[in-house]
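Sharing a structure with you now.
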Amino acid sequence: QVQLVESGGGLVQPGGSLRLSCVASISISNIDFMGWYRQAPGRQRELVATISNGGAVNYGDPVKGRCTITRDNAKNTVYLQMNNMTPEDTAIYYCNAARGDIELGMVRTWGQGTQVTVSS
C-alpha cells in the first residue's frame, strides 16, 4: 500500500557528501523498518542502513562510520547522509519499507531507486 519516492542522488566527487531522501505515502510511524539498500553493477543488492520504528539503527559494514540514517515522522521521510564517499559507493540506492505481518510475514515495499555516482 505504501509508495516510496527517493531523491537526492546524482554525481559527487570522491570525498564528497550526499543526502538522500525517501518520502513515504503513508505515516512511517506505521512501518516497522525503513531502510536503504544499494545495488552496483556486478553485485547483489546490499544493506546500507535501516532504522526501526523505535529508533534502532543498523548499518552495513561498507558504510559504517560514514553514513547516518534518520527519520522525520512529521514529513514521512527517511534520510541517508553519506560522507567521505568513494567510487565503491556508486550504485542505485533503493528505499525500503518493511512491516511484519503475522499472516503474511515480512511485507516489503521498494522505491524506484536513485542513481548515485562517485567520480572525479
Side-chain angles (χ1 to χ4, degrees):
Q1 298 294 322
V2 61
Q3 298 180 56
L4 306 172
V5 180
E6 304 100 330
S7 64
L11 177 65
V12 63
Q13 297 184 70
S17 298
L18 209 61
R19 189 177 77 157
L20 306 182
S21 300
C22 173
V23 181
S25 62
I26 65 173
S27 174
I28 61 173
S29 65
N30 296 325
I31 302 173
D32 292 330
F33 296 91
M34 296 293 298
W36 291 93
Y37 294 74
R38 68 186 185 185
Q39 187 165 22
R43 291 187 174 186
Q44 295 185 338
R45 189 170 299 185
E46 67 178 3
L47 167 71
V48 178
T50 62
I51 183 167
S52 73
N53 200 1
V57 298
N58 183 41
Y59 296 98
D61 287 339
V63 303
K64 286 182 178 178
R66 300 190 297 116
C67 295
T68 303
I69 185 171
T70 57
R71 61 194 299 163
D72 186 337
N73 288 353
K75 297 181 178 180
N76 293 331
T77 301
V78 176
Y79 302 96
L80 179 70
Q81 177 70 43
M82 299 185 289
N83 302 316
N84 300 317
M85 299 185 72
T86 75
E88 287 71 33
D89 294 320
T90 296
I92 301 175
Y93 284 69
Y94 297 92
C95 185
N96 173 258
R99 172 177 164 267
D101 186 281
I102 194 168
E103 297 291 336
L104 302 176
M106 190 66 68
V107 180
R108 305 179 187 273
T109 301
W110 298 92
Q112 294 299 307
T114 183
Q115 177 71 50
V116 172
T117 302
V118 184
S119 176
S120 60

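For clarity, every value in this text was computed on a predicted model and none was experimentally measured.
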Show which side-chain atoms of residues 54-65 pair as donor or acceptor with protein atoms under 3.5 Å away, not counting sequence neighbours.
unit_1: Tyr59; atom_1: OH; unit_2: Ile69; atom_2: N; d: 3.0
unit_1: Asp61; atom_1: OD1; unit_2: Lys64; atom_2: NZ; d: 3.0

Check this for me: Gln3, atom CD, are more than 12 non-hydrogen atoms of other residues, nucleotides or ligands nearer than 6.0 Å?
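No, because the 6.0 Å sphere around CD of Gln3 holds 12 heavy atoms or fewer from other groups.
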Which atoms form the tightest heavy-atom contact between Asp101 and Leu104, and what is the distance?
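Of all heavy-atom pairs spanning Asp101 and Leu104, the closest is OD1-N, 2.9 Å.
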Any side-chain heavy atom of Asp89 sitting closer than 4.5 Å to one from Arg66?
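Yes; the side chains approach each other to less than 4.5 Å.
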Would Val23 and Ile92 show up in the same hydrophobic cluster when neighbours are defined by side-chain heavy atoms closer than 4.5 Å?
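No, it is not one cluster - the side chains of Val23 and Ile92 are not joined through contacts under 4.5 Å.
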Which atoms form the tightest heavy-atom contact between Ser17 and Asn83, and what is the distance?
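Reported closest heavy-atom pair: OG-OD1, 2.9 Å.
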Is a donor on one side and an acceptor on the other found under 3.5 Å between the side chain of Asn96 and the backbone of Thr109?
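Checked: pair present.
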Kindly compute the distance separating CG (Asn84) from OG1 (Thr86), expressed to the nearest 0.5 Å.
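Reported to 0.5 Å precision, the distance equals 9.5 Å.
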Do Val118 and Trp36 land in one hydrophobic cluster if side-chain heavy atoms of ILVMFWY residues count as linked below 4.5 Å?
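Yes.
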How long is the span from the CD atom in Gln81 to the OG1 atom in Thr70, to the nearest 0.5 Å?
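Interatomic distance, Gln81 CD to Thr70 OG1, rounded to 0.5 Å: 8.5 Å.
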Quick one about Thr117 and Ser119 (side-chain donor to acceptor, distance below 3.5 Å, no hydrogens or angles considered), yes or no?
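Their side chains do not contain a donor-acceptor pair, so the 3.5 Å distance test is not met.
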Are Asn73 and Ser27 side-chain neighbours, meaning at least one heavy-atom pair lies under 4.5 Å?
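A side-chain contact is absent here, since even the closest heavy-atom pair is not under 4.5 Å.
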Look at the side chain of Asn53 and the backbone N and O of Ser29, then say whether any donor-acceptor pair between them is shorter than 3.5 Å.
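Judged by distance alone, yes, a pair lies under 3.5 Å.
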For residues 4-13, which side-chain donor-acceptor pairs fall under 3.5 Å, sequence neighbours excluded?
unit_1: Glu6; atom_1: OE1; unit_2: Gln112; atom_2: N; d: 3.1
unit_1: Glu6; atom_1: OE1; unit_2: Gly113; atom_2: N; d: 3.0
unit_1: Glu6; atom_1: OE2; unit_2: Cys95; atom_2: N; d: 2.8
unit_1: Glu6; atom_1: OE2; unit_2: Gly113; atom_2: N; d: 3.1

Enter the distance from Thr77:OG1 to Met34:CE here, rounded to the nearest 0.5 Å.
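Here the rounded value is 8.5 Å.
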Just to verify, which of Trp110, Tyr94, Tyr93 counts as forming a ring-ring contact (aromatic ring centres under 6.0 Å, His included) with Tyr37?
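One option only clears the test, and that one is Trp110.
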Please list, chain by chain and in numerical order, all residues satisfying side-chain contact (heavy atoms from CB on, under 4.5 Å) with Ser120, sequence neighbours excluded.
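Testing Ser120 for side-chain contact (heavy atoms from CB on, under 4.5 Å), a comparison that skips the adjacent residues, returns Pro14.
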I need the Gln44 CD to Gln39 CD distance, nearest 0.5 Å.
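Gln44 CD to Gln39 CD: 8.0 Å, rounded to 0.5 Å.
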Value rounded to 0.5 Å, distance of CE in Met85 from OG1 in Thr90
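Separation between the atoms: 7.0 Å.
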Side chain of Arg71, backbone of Ile28: donor and acceptor closer than 3.5 Å?
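The answer is yes, because a donor-acceptor pair under 3.5 Å joins these two groups.
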Would a hydrophobic clustering, with Ile, Leu, Val, Met, Phe, Trp and Tyr connected at side-chain separations under 4.5 Å, put Val78 with Leu18?
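Same hydrophobic cluster.
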Co-membership, hydrophobic cluster, residues Ile31 and Ile51, 4.5 Å side-chain:
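Same cluster.
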